[in-house]
Amino acid sequence: MAESVRSDGKGNDSIENLIAARKSLKLSLEKSKSLGFALEKAGPRLDEMKERLPSLEAAVRPIRADKEALDAAGGHINRAIGPAAAVLKVFDAVHGLEKSLLSDPRNDLPGYLAVLKRLQEALRFLGDNCGLAIQWLEDIVEYLEDNIMADERHLLNLKKSLKGLRELESDDDRAHLDGGLLNAALDKLEGEFRQLLTEHSVPLPMSSSSTLGEQAVIAPSPLPVSVIHKLQAVLGRLRTNNRLEKCISIYVEVRSSNVRASLRALDLDYLEISIAEFNDVQSIEGYIAQWGKHLEFAVKHLFEAEYKLCNDVFERIGLDVWMGCFSKIAAQAGILAFLQFGKTVTESKKDPIKLLKLLDIFASLNKLRLDFNRLFGGAACIEIQNLTRDLIKRVIDGAAEIFWELLVQVELQRQIPPPPDGNVPILVSIITEYCNKLLGDNYKPILSQVLVIHRSWKHEKFQERILVGEVLNIIKAIELNLETWTKAYEDAILSNLFAMNNHYHLSKHLKGTKVGDLLGDYWFREHEQYKDYYAAIFLRDSWGKLPGHLSREGLILFSGGRATARDLVKKRLKTFNEAFDEMYKKQSSWVVPDRDLREKICHQIVQAVVPIYRSYMQNYGPLVEQDGSSNKYAKYSVQTLEQMLSSLFLPKPGRYASFKGRQLSDKFSVADLRRTTSAVV
């Protein structure tokens with residue numbers, strides 16, 4: 001029994017052990033399961049930790065670095081951060097100026113210029129110190145890299161940024177430093193410079209071109225002093241930023257436009273005329289007279305004012321600058337057009353009237369000589385100087401050439417037939433008028449000066465007696481021409497009329513002149529006698545013969561002789577009418593150009609014919625008036641006859657003097673003598 005008990009006891013222990021083992025296994029399984037879940041959750045965290053290990057390693061790298069390197073790193077960093085921080089501070093200040101500099105300078109120009117000056121100082125600081133700051137930053141990066149004290153990726157980014165900064169810093173265009181703010185501000189200043197000039201550039205008021213010569217006062221500076229000071233201030237700031245040429249360009253554009261506007265009121269279209277647009281100087285004679293007045297006005301009033309203003313505005317910059325500026329204004333405003341017109345005149349065909357016009361041009365230029373030398377004497381005005389010198393040489397050469405050829409051309413005209421109407425040849429009229437003018441008070445000093453200069457170029461001397469002698473030789477040549485032409489007429493009566501006209505012309509138009517004083521009283525008495533002589537011969541051989549046809553011989557009335565007397569009267573009136581008609585028809589085309597001489601000679605003709613005709617008709621007219629064919633014999637009434645004779649020798653309308661005609665020289669052309677002065681008187 002005891003064994004049974006023992007056996008039962010062992011059995012119970014085995015069961016308990018099994019139960020315990022089961023529990024233990026169950027617990028182990030639960031722990032394994034929990035551990036599996038825990039491991040499953042730990043996997044991603046381990047991966048995350050693995051990824052963070054390099055950055056953690058880099059973060060703790062300075063701890064692993066050499067102690068001396070770590071101690072020195074602080075100083076390096078502080079030295080690099082100081083300049084960089086100063087640069088950043090100034091850079092922030094630059095952007096703080098943006099609002100002021102983008103506003104209108106007109107609101108406060110001095111304040112605007114002050115702000116712009118601060119901007120330039122800031123940019124100058126940035127330009128001087130950016131490189132230093134970048135260098136210090138590059139040094140600290142290199143130090144960190146050498147001592148393995150920073151993450152390579154961070155160092156790479158820093159290097160890339162510093163490289164970009166270095167490239168910008170080495171670029172000459174510093175607009176990168178301010179984002180283009182300086183250029184924008186300078187553009188606004190240029191606009192203000194232009195606006196100041198435009199608003200205060202007003203064309204000079206013109207009352208009329210006829211009063212130009214009376215304006216002797218030089219125009220004052222056309223801009224107020226306050227505006228000039230503003231222009232100088234703006235100019236100074238723009239000049240420091242290499243914008244001087246742009247300022248000059250604006251100034252020249254505005255001021256030259258203003259001068260052109262002033263000149264437009266003078267109607268200067270004639271300055272653009274070309275040689276092809278006119279035949280000779282006579283066709284533009286009026287323009288040449290205007291040219292002298294307009295040139296004087298432009299020089300003394302417009303260019304003088306611009307010269308002074310250029311000096312006022314640009315005086316602080318230098319003589320070369322403002323003289324160059326003035327030169328451009330003068331050239332663009334029209335001085336070259338004035339000189340070109342003068343050159344065009346010198347290139348035109350040579351004829352007598354051109355001599356006086358060339359002398360007029362020389363007188364105008366000579367009058368302005370001191371002004372030209374002062375205004376256009378600088379090196380910047382070399383083009384104007386060259387054109388002026390060339391014009392003066394052309395004028396002097398042309399005038400001298402025409403003058404010395406006058407005598408030759410007068411002699412050459414001797415071979416041309418005289419005028420068919422007995423008029424004064426235009427050569428005689430023009431040359432006598434020219435000789436008067438050339439020795440007159442207006443032209444003699446000018447011509448003498450021209451001839452002195454012309455001869456000096458040839459290293460020859462000139463004396464006044466040479467000029468006087470040449471003029472007198474021309475008058476003598478005219479006299480020889482008249483003698484030759486008088487003999488050239490086939491009709492002796494027309495020859496006498498021609499001689500009367502021309503001797504009277506010479507006497508009348510030279511008396512009381514400088515030429516006349518040189519010729520003397522005897523010369524005038526001689527020509528007066530010739531005039532009277534030829535007038536008497538003309539009257540005797542032409543109209544003086546008409547009264548002879550009205551003879552009273554055989555007309556004594558007696559009983560039974562009335563029919564015979566009527567026949568004689570008819571015959572003699574018919575003969576008179578035929579002679580009168582023939583003579584009147586022929587002489588109706590003849591001319592006496594001088595009114596006084598014409599009226600005198602017509603009066604003499606009337607006195608020679610009309611009284612005898614009146615008496616004859618009073619006594620014997622009734623014999624034919626009762627006849628049915630009375631109109632055939634009593635053809636003219638006394639009043640009609642007197643009117644017809646009084647209207648003889650009138651100049652023909654529409655006949656104008658001209659210098660076009662036969663050209664006898666390749667260098668010089670003179671009028672055909674068949675062209676007369678009929679319409680000039």
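Across every non-hydrogen atom of Ser429 and Val424, the tightest pair is N-CG1, 4.2 Å. Heavy atoms only, all atoms of each residue included: Phe303 and Ala333 are closest at CE2-CB, 3.9 Å. Closest approach of Pro203 and Ala261 over heavy atoms only: CG-CB, 3.6 Å. Shown here for Ile384 and Leu339, the closest heavy-atom pair between the two residues is O-CD1, 4.0 Å. Of all non-hydrogen atoms in Glu411 and Asn481, the two that sit nearest each other are CA-OD1, 4.5 Å. In terms of heavy atoms, Leu263 sits closest to Ala298 at CD2-CB, 4.1 Å.
More than 12 heavy atoms of other shown residues, nucleotides or ligands fall within 6.0 angstrom of atom CD in Glu347. No more than 12 heavy atoms of other residues, nucleotides or ligands lie within 6.0 Å of CZ in Arg465, so this atom counts as exposed by the packing criterion. Within 6.0 Å of the CD atom in Glu582, the count of heavy atoms belonging to other residues, nucleotides or ligands does not exceed 12. Few gaps surround CG on Asp596; more than 12 heavy atoms of other groups in view lie less than 6.0 Å from it. Other residues, nucleotides and ligands contribute only 12 or fewer heavy atoms inside 6.0 Å of the OH atom of Tyr287. Heavy atoms from other residues, nucleotides or ligands lying under 6.0 Å from CZ of Phe362 number more than 12. Few gaps surround CD on Glu526; more than 12 heavy atoms of other groups in view lie less than 6.0 Å from it. Within a 6.0 Å radius of NZ in Lys508, other residues, nucleotides and ligands contribute more than 12 heavy atoms.
A donor-acceptor pair shorter than 3.5 Å can be found between the side chains of Gln587 and Trp543. If you check the side chains of His509 and Tyr504, you find no donor sitting under 3.5 Å from an acceptor.
Using modelled atom types, no side-chain atom of Asn436 and backbone atom of Leu510 make a donor-acceptor pair closer than 3.5 Å. A side-chain donor-acceptor contact under 3.5 Å links Thr513 to the backbone of Gly516. The main-chain N or O of Gly286 is never found under 3.5 Å from a side-chain atom of Trp291 such that the two would form a donor-acceptor pair. Between the side chain of Ser495 and the backbone N or O of Thr486 there is at least one donor-acceptor pair closer than 3.5 Å. When atom types are taken as modelled, the side chain of Lys354 and the backbone of Ser348 share a donor-acceptor pair closer than 3.5 angstrom. Counting only distance, with no hydrogens or angles, the side chain of Ser327 and the backbone of Met323 share no donor-acceptor pair below 3.5 Å. Proximity of a side-chain donor or acceptor of Tyr434 to a complementary backbone N or O of Ile353 within less than 3.5 Å is detected. Looking at Ser646, its side chain never comes within 3.5 Å of a backbone N or O of Gln643 through a donor-acceptor pair. In this structure a side-chain-to-backbone donor-acceptor pair under 3.5 Å is missing from Asn258 to Val254.
Using a cut-off of 4.0 Å between Lys/Arg side-chain N and Asp/Glu carboxylate O, Lys514 and Asp441 are scored as salt-bridged. Between Glu304 and Lys308 there is no salt bridge, since no side-chain nitrogen of the basic residue lies less than 4.0 Å from a carboxylate oxygen of the acidic one. A salt bridge links Lys393 to Asp397: one of the charged nitrogens lies within less than 4.0 Å of a carboxylate oxygen. Under 4.0 Å is where a charged nitrogen must lie from a carboxylate oxygen, and between Arg394 and Asp390 at least one such pair does.
The closest side-chain heavy-atom distance from Lys586 to Leu494 is not below 4.5 Å. A 4.5 Å side-chain heavy-atom check between Arg455 and Lys461 finds every atom pair outside the cut-off. Looking at Leu309 and Arg255, their side chains come closer than 4.5 Å, going by heavy atoms from C-beta outward. Using a 4.5 Å heavy-atom threshold, the side chains of Glu383 and Leu336 count as touching. Inter-residue side-chain proximity for Lys328 and Ser256 is flagged as unmet; no heavy-atom pair is nearer than 4.5 Å. Tyr489 places none of its side-chain heavy atoms less than 4.5 Å from the side chain of Asn496. Side-chain contact between Tyr251 and Cys310 is present, with heavy atoms from C-beta onward closer than 4.5 Å. At least one side-chain heavy atom of Ile288 sits less than 4.5 Å from a side-chain heavy atom of Phe341.
In this structure, Trp523 and His527 have tilted ring planes: the angle between them lies in the 30° to 60° band.
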Go through Leu359 and Val395 one step at a time and tell me if the side-chain contact (heavy atoms from CB on, under 4.5 Å) criterion holds. CA-CA 8 Å; Leu359 294 179; Val395 168; over 6 Å; no

Test side-chain contact (heavy atoms from CB on, under 4.5 Å) applied to His294 and Leu268, step by step: CA-CA 8 Å; His294 292 162; Leu268 300 178; 3.1 Å; yes

Test ring pair (Phe, Tyr, Trp, His ring centres under 6.0 Å) applied to Tyr534 and His503, step by step: CA-CA 9 Å; Tyr534 285 112; His503 284 291; 5.8 Å; yes

Let me see the working for Leu648 and Leu645 under side-chain contact (heavy atoms from CB on, under 4.5 Å), right down to the final yes or no. CA-CA 6 Å; Leu648 283 170; Leu645 293 175; 4.1 Å; yes

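Note that OG of Ser448 is 11.0 Å distant from CD1 of Ile453, once rounded to the nearest 0.5 Å. Atom CD1 of Ile493 and atom CG of Leu539 lie 10.5 Å apart (nearest 0.5 Å). Atoms CD and CZ, on Gln385 and Phe376 in that order, are 10.0 Å from each other to the nearest 0.5 Å. Rounded to the nearest 0.5 angstrom, Ile475 CD1 and Cys435 SG are separated by 4.0 Å. One distance of note links CG of Leu480 with CH2 of Trp485; it measures 10.5 Å at 0.5 Å rounding. The CD1 atom of Ile537 lies 13.5 Å from the CG atom of Leu497; values are rounded to the nearest 0.5 Å.
Identified under the salt bridge (charged side-chain N to carboxylate O under 4.0 Å, His left out) test for residues 257-275, with sequence neighbours left out: none.
Aromatic ring centres of Trp590 and Phe498 lie farther apart than the 6.0 Å criterion allows. Taking the six-membered ring wherever Trp is involved, the centroid distance between the rings of Phe314 and Phe326 does not fall below 6.0 Å.
Paired with Ile361 under the rule side-chain contact (heavy atoms from CB on, under 4.5 Å), one option of Leu295, Val345, Ile392 passes, and it is Val345.
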